[in-house]
**Q** 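Shown below is the structure under consideration.
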Amino acid sequence: MKYVFLLAATLLLSACASLNKQQCLDGQWQDIGYADAMKGLTTARYDEHREACFDYGVSPDFDAYSAGHKAGVPDFCTAESGFKAGRRGYDYQGFCSDYDEQAFLDGHAEGLEIYQIERQISTARQFLYSADMDYTLGGGFGEAYYEFKIDRLELKRDEMLERSRYYRAK
């Protein structure tokens, strides 16, 4: 039993590693730094990479990582990236304070508003699926209520996307 627990703990910890073995061995540190910046992650993420790669006997190149990160920050700190980050629910942490922060925040606010509506749609759909059970038991709202709510929220979201300065339908 003790061995099963140790194996499970090891697998759980390895699943949380910031990089896998191949990424550590490949050593594309500038690309990894750039990618982290494009996710809005600070250079503190490097410490997680260092810990992940330690198990494989690899020591990350901080200078290359830092150079890639530095190149990625201005590319991330745009209105378009802010919009995309907001749509993903990214919690802004002041990452763009040395760049065009206001443009990023404008896009982020717009994307975040749409993200919140999409969360409401998801919640309403969950209630719709359980509404039949609630209604049968004599409580809650009927399906028609949730269908109406979902339609109204989807319409609001679609109108916002059409008005958006940053959304690009593909």
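If you're wondering where the values come from, they're calculated on a predicted model, not measured in any experiment.
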**Q** Does atom CZ of Arg119 have more than 12 heavy-atom neighbours, drawn from other residues, nucleotides or ligands, at distances under 6.0 Å?
**A**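 12 or below, so no.
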**Q** Report yes or no: does Tyr90 contribute a side-chain atom to a donor-acceptor pair with the main-chain N or O of Gly40 at less than 3.5 Å?
**A** yes
**Q** I want to check something: taking the side chain as every heavy atom from C-beta on, are Leu161 and Ile114 in contact at a cut-off of under 4.5 Å?
**A** yes
**Q** Between Leu41 and Ile32, is there shared hydrophobic-cluster membership here, with clusters defined by ILVMFWY side-chain heavy atoms closer than 4.5 Å?
**A** no
**Q** Return the minimal non-hydrogen interatomic distance between Met38 and Gly72, and the atom names on each side.
**A**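 Answer, listing the atom of Met38 first, then Gly72: SD-O, 3.6 Å.
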**Q** Should Phe76 and Phe95 be marked as a ring pair (Phe, Tyr, Trp, His ring centres under 6.0 Å) after you check the CA-CA gap, both sets of side-chain angles, and the distance that decides it?
**A** CA-CA 9 Å; Phe76 176 76; Phe95 187 74; 5.5 Å; yes
**Q** Determine which pairs satisfy side-chain hydrogen bond (donor to acceptor under 3.5 Å, both in side chains) with at least one residue from residues 25-40, sequence neighbours left out, and list them in order.
**A** Gln22-Asp26, Tyr34-Asp75, Asp36-His49, Asp36-Tyr65
**Q** Name all residues meeting the side-chain contact (heavy atoms from CB on, under 4.5 Å) criterion together with Leu105; count only those two or more places apart in sequence or in a different chain, and write none if there are none.
**A** Tyr92, Glu101, Gln102
**Q** If you take the centroid of each ring, where Trp contributes its six-membered ring, are Tyr46 and Phe62 closer together than 6.0 Å?
**A**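 Between Tyr46 and Phe62, which both carry aromatic rings, the centre distance is below 6.0 Å.
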**Q** Gln93: what forms a side-chain contact (heavy atoms from CB on, under 4.5 Å) with it, not counting sequence neighbours?
**A**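 Per chain and number, Gln93 pairs via side-chain contact (heavy atoms from CB on, under 4.5 Å) with Asp91.
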**Q** Determine the minimum heavy-atom distance between Ser164 and Phe83, stating which atoms define it.
**A** OG-CE1, 3.5 Å
**Q** Applying side-chain contact (heavy atoms from CB on, under 4.5 Å), can you list everything that pairs with Ile117, at least two apart in sequence or on another chain?
**A** Ile121, Leu153, Lys156, Arg157, Met160
**Q** Which residues satisfy the side-chain contact (heavy atoms from CB on, under 4.5 Å) test with Asp63, sequence neighbours excluded?
**A**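 Scan of Asp63 (side-chain contact (heavy atoms from CB on, under 4.5 Å), adjacent residues dropped) gives Asp61.
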**Q** For the CD atom on Gln120, are there more than 12 heavy atoms of other groups (residues, nucleotides or ligands in this structure) within a distance under 6.0 Å?
**A**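 Enclosed.
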**Q** Please determine whether a side-chain nitrogen of the Lys or Arg among Arg125 and Glu154 lies less than 4.0 Å from a carboxylate oxygen of the Asp or Glu.
**A** yes
**Q** I'd like to know if Glu110 pairs up with Arg87 as an ion pair, taking the criterion as any Lys NZ or Arg NE/NH1/NH2 lying under 4.0 Å from an Asp or Glu carboxylate oxygen.
**A**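 The answer is no: the pair does not qualify as a salt bridge.
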**Q** Taking it one step at a time, do Arg45 and Ser18 satisfy side-chain contact (heavy atoms from CB on, under 4.5 Å)?
**A** CA-CA 8 Å; Arg45 177 76 165 174; Ser18 64; 3.6 Å; yes
**Q** Side-chain heavy atoms nearer than 4.5 Å, only ILVMFWY residues, links allowed to pass through others: does that put Val58 and Leu19 together?
**A**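 Per the 4.5 Å side-chain linkage, Val58 and Leu19 are co-clustered.
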**Q** Give me each pair satisfying disulfide bond (SG atoms under 2.5 Å apart) with a member in residues 57-100, each pair once, sequence neighbours excluded.
**A**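 Passing the test, one end in residues 57-100: Cys77-Cys96.
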